[in-house]
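Down below is the structure, laid out as structure tokens.
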Amino acid sequence: MPIDTVLEDRRVLDLRYRMPISQIIKFFEGLEEGKVRGTRCKECGRKYFPPQTECSTCMTKNTEWFDFEGDASLETFTTVEVVPTSFVNEGSYVVAVGLLKEGVRILSWLNTEDRSSIKIGMKMKLKAVKRKEGYYSYEFFSI
Amino acid sequence: MKSNDEKVAIVGVGHSKFGKRLDVSINELGWEAIKPALQDAGVTQKDVDFYSVGNFGYWSEEILPAVTIGEYAGLSCGSLKTEAACASGSASLKIAVDSILSGNSEIAIAMGIEKMYNSPNGTIIELIGRAGNYFWEFENFGMTFPGYYALYATKYLDAYHSREEDLCEAAVKAHHYGSLNPYAQFQKETSVEECMKSKYVSRPLKLMDSSPITDGAAAVVLARGDVAKKLSDTPVYVEAQGYASGTAYMGRRDDYTGLEASRRAAEAAYRKAGLDGAANNFDIFEVHDCFTIAEVMAYEDLGLVKKGEGIQLLRDHQTYRDGKYPANLDGGLKSKGHPIGATGISQAVEITKQLRGEAEKGRQADIRKGRGLQHNVGGTGHYAYVTVYSRGD
């Protein structure tokens, strides 16, 4: 095989987005208070996670925030072994989809002592967490 | 019955070699597909009224590839780039077909291209991982593309009592046909044992369950039915296209053993074509096997078999050339390669070759019904396009 000649780019682009959260600031405030929240339409009752403050069915802003109790069952999961460059410091991690008691499904990391014991249908708890970098997030924990 | 000027047919196809193509730029790679497509159709650039370029981009330097490629290729008619993630090629086909059906074009080119190796692997994994729901899935949880399909694989294997070895059967089939396709990235056979020995990327999916990073381009020349009849003795008609969008957020999917958007797109395609489903109407299938589990789900979402029976089709070799439903006789995304924006058009090229009887030795299906079906998914079930092709005889 001949060696291909490439011109290494001399221009570097640092992509770092500014993501507006004004409409869902209560979600982030909730994490700091130890709560994970969604929104609910007061007219049709539809629950939203990811949260949105306007119901796209009723086309009104007549929505409210509600806190999840955190009780969940495991729908499916994977252990990500080959991780993106921006997550290399995390090692491998378990990502799970959990069905919350409130009828909403959430994708998040699953913390467990023993990965070999993870089973579809098992009970989990969703909790707000403070990441080691200092920001807040939400994760599942096996119980 | 549609009249000829209400139909659109493929009258020329072109396909680059797929693989790590650091020997060419994106424009040179595009030309590698456009030139043979024009020659195959017997037309020149001045005959083309419109062209579309399926492309995801980000990992390659040109932001406006439709025009940089067009400039290289001598095309100056109207154009655009289409993005529907891994179904960008099908979106490109849709736009070009629509330009003819709307009366705005007589001849159009639909192409697709991706130049992934222009960035290092880490950047590519990072960028594809972001193509789910960036804010709620990537930002905090570092999802990867294999990660998403692994969520399906975990659920499917559990729900239908299947094993990782069963999934590897899809890889074995893909590599068998890839070995017979001169345009494929991997032209070598594999085995269940070799697949099982490969490293986990995202459990339970291994490297050998996954389609590779690929550079590639493909192009088709489309013509209005009456024009197609003059240009070609073997036009392949785009009989119908069905499309649907799923959710971006995985938590909003109600099922992790199939893709709801695929099912809706398939139903729409069959309805538009006046067909009673997939099982009895097609000689050849192209399904979106970005991972082995995706091929199994495709069999079920297209309605070839009931839910949970897709694995058995693989075990029984019913999707090999001589089986009931020959699927991906070009090696599929898994072995031919998966240049994101090019894949949908590559599938169209393959179905055209199959329906014309021009596939390479050992991988030509027996064409009796004169129809082929293409299934192309974008994202993790974000976009779905299902297209029905026919020889029209």
Side-chain angles (χ1 to χ4, degrees), chain A residues 1-7 9 11 13 15 17 19-21 24 27 31 38 48-51 74-90 92-100 104-110 115 118-121 129 131 133 135-140, chain B residues 20-25 58 61 117-130 132-159 199-207 210 248-257:
Chain A
M1 285 285 282
I3 296 165
D4 297 315
T5 312
V6 296
L7 178 74
D9 204 337
R11 315 295 156 209
L13 177 64
L15 271 180
Y17 300 107
M19 299 177 279
I21 54 168
I24 54 167
F27 176 77
L31 293 181
Y48 286 98
F49 193 92
L74 180 64
E75 292 261 312
T76 187
F77 67 99
T78 181
T79 307
V80 180
E81 301 282 355
V82 178
V83 306
T85 307
S86 57
F87 282 81
V88 284
N89 296 329
E90 300 290 344
S92 68
Y93 38 83
V94 179
V95 175
V97 176
L99 174 62
L100 298 184
V104 168
R105 289 189 187 86
I106 284 184
L107 178 145
S108 176
W109 280 355
L110 168 58
R115 287 183 180 177
I118 303 173
K119 293 272 184 300
I120 287 177
V129 296
R131 288 263 182 101
E133 298 89 344
Y135 67 90
Y136 292 87
S137 182
Y138 49 98
E139 292 170 11
F140 288 115
Chain B
K20 185 173 186 175
R21 294 296 311 274
L22 285 174
D23 57 320
V24 284
S25 72
Y58 305 102
E61 64 280 7
Y117 281 103
N118 287 25
S119 286
N121 282 10
T123 306
I124 296 166
I125 294 164
E126 177 95 14
L127 284 169
I128 312 186
R130 291 171 175 227
N133 178 316
Y134 181 83
F135 191 94
W136 295 98
E137 292 174 347
F138 188 89
E139 175 75 12
N140 283 344
F141 309 120
M143 277 305 278
T144 63
F145 226 68
Y148 283 113
Y149 274 90
L151 292 173
Y152 292 118
T154 300
K155 185 76 172 185
Y156 188 100
L157 296 183
D158 181 73
K199 278 191 184 154
Y200 282 105
V201 180
S202 195
R203 291 171 189 268
L205 296 179
K206 295 169 285 297
L207 189 65
S210 315
Y249 190 61
M250 281 299 273
R252 289 213 171 104
R253 306 280 174 80
D254 51 11
D255 172 16
Y256 300 100
T257 57

Find out whether the Lys NZ or Arg CZ of A:Arg131 is both under 6.0 angstrom from the six-membered ring centre of A:Trp109 and within 45° of the ring's axis.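 Checked: cation-pi criterion met.
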Toward chain A, the part of [X] with a non-hydrogen atom under 4.5 Å:
| X | answer |
| --- | --- |
| B:Phe138 | both |
| B:Asp158 | side chain |
| B:Tyr249 | side chain |
| B:Thr154 | both |
| B:Asn121 | neither |
| B:Glu139 | both |
| B:Arg21 | neither |
| B:Tyr200 | both |
| B:Ser25 | neither |

Quick check for you: to the nearest 0.5 Å, what is the distance between A:Tyr135 atom OH and B:Asn140 atom CG?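 The CG atom of B:Asn140 is 5.0 Å from OH of A:Tyr135, to the nearest 0.5 Å.
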About how many Å separate CG of B:Asn133 and CG of A:Leu107, when rounded to the nearest 0.5 Å?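 That separation rounds to 9.0 Å.
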Taking atom types as modelled, is there a side-chain donor on B:Arg203 or A:Ser92 under 3.5 Å from an acceptor on the other?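 Not at all, the side chains of B:Arg203 and A:Ser92 share no donor-acceptor pair under 3.5 Å.
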Name all residues meeting the salt bridge (Lys or Arg N to Asp or Glu O under 4.0 Å) criterion together with B:Glu137; count only those two or more places apart in sequence or in a different chain, and write none if there are none.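 Here no residue qualifies.
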Salt-bridged, A:Arg105 to A:Glu75, with N to O below 4.0 Å?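 Between A:Glu75 and A:Arg105 there is a salt bridge, with a charged N closer than 4.0 Å to a carboxylate O.
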Under the side chain to side chain donor-acceptor pair (under 3.5 Å) rule, collect the residues that match up with B:Ser210, sequence neighbours excluded.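 By the side chain to side chain donor-acceptor pair (under 3.5 Å) rule, B:Ser210 matches no residue at all.
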Looking at chain A, which one of B:Leu151, B:Asp23, B:Leu127 has the largest number of heavy-atom pairs inside 4.5 Å, strictly under?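 Winner by heavy-atom pair count: B:Leu151.
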If we define contacts as heavy-atom pairs under 4.5 Å, which of B:Asn118, B:Thr144, B:Ile124, B:Val24 has the most with chain A?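 Of B:Asn118, B:Thr144, B:Ile124, B:Val24, B:Thr144 has the most heavy-atom pairs under 4.5 Å with chain A.
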Among A:Ile106, A:Thr5, A:Asp9, A:Val94, which residue has the highest count of heavy-atom pairs closer than 4.5 Å to chain B?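 Ranked by heavy-atom pairs under 4.5 Å with chain B, first place is A:Ile106.
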How far apart are the closest heavy atoms of A:Pro84 and A:Tyr93, and which atoms are they?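 Answer, listing the atom of A:Pro84 first, then A:Tyr93: CD-OH, 3.2 Å.
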